[in-house]
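Remarks on the structure that follows.
Just so we're clear, the structure is a prediction, and the values are computed from it rather than from any experiment.
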Amino acid sequence: MARCDHCGNEYHRAFQLLTAAGETLIFDCFECAIHLLAPVCRRCKCRIIGHGIEAAGAFYCCAHCAREGGITGAADHVAG
């Protein structure tokens, strides 16, 4: 059995994830992988598990948070 790198749980169905930096991590569930690896919105502090927005060196979960963080022109969709 493998031990989760986030919570320490030993689980027979744990999985390995290779990061872009070449590090191999072990998780017992996607929740632990998200908690350890997903970026955090600069404004509301939620974990970003979708596309999000990266602007001015920061991550935001949505256009609203980006605008509230001072990023002009951020939009979740374009009407038309």
Side-chain angles (χ1 to χ4, degrees):
M1 284 199 290
R3 182 180 303 269
C4 179
D5 286 328
H6 175 66
C7 71
N9 183 41
E10 289 187 2
Y11 185 51
H12 71 284
R13 292 187 180 203
F15 60 93
Q16 292 182 352
L17 194 141
L18 179 63
T19 69
E23 182 180 10
T24 300
L25 299 171
I26 298 171
F27 299 103
D28 66 341
C29 64
F30 287 115
E31 182 180 7
C32 283
I34 289 167
H35 188 75
L36 193 64
L37 298 174
V40 176
C41 177
R42 176 176 273 181
R43 181 178 171 272
C44 74
K45 308 301 183 218
C46 75
R47 295 280 173 184
I48 303 168
I49 58 173
H51 293 287
I53 295 174
E54 182 178 3
F59 292 100
Y60 299 93
C61 65
C62 63
H64 170 76
C65 280
R67 288 190 303 271
E68 290 293 313
I71 306 301
T72 58
D76 286 319
H77 68 281
V78 177

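- Listed by chain and number, the residues in a side-chain contact (heavy atoms from CB on, under 4.5 Å) with Ala2 are Ala14, Ile26 (sequence neighbours excluded).
- Screening residues 49-76 for salt bridge (Lys or Arg N to Asp or Glu O under 4.0 Å), with sequence neighbours left out, gives no hits.
- With sequence neighbours left out, Thr72 forms a side-chain contact (heavy atoms from CB on, under 4.5 Å) with no residue at all.
- Hydrophobic clustering, defined by side-chain heavy atoms of Ile, Leu, Val, Met, Phe, Trp and Tyr closer than 4.5 Å, leaves Met1 isolated from every other such residue.
- Listed by chain and residue number, Arg3 satisfy the side chain to side chain donor-acceptor pair (under 3.5 Å) test with Glu10 (two or more places apart in sequence, or in another chain).
- Cluster partners of Leu37, using a side-chain heavy-atom cutoff of under 4.5 Å among ILVMFWY residues and allowing indirect links, are Phe15, Leu17, Leu25, Phe27, Phe30, Leu36.
- Applying the side chain to side chain donor-acceptor pair (under 3.5 Å) test to Asp28 and every residue at least two apart in sequence or in another chain returns Asn9.
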Table please: side-chain donor-acceptor pairs of residues 40-53 below 3.5 Å, with sequence neighbours left out.
residue	atom	partner	partner atom	Å
Lys45	NZ	Arg42	O	2.6
Arg47	NH1	His35	O	3.2
Arg47	NH1	Ala38	O	2.9
Arg47	NH2	His35	O	3.2

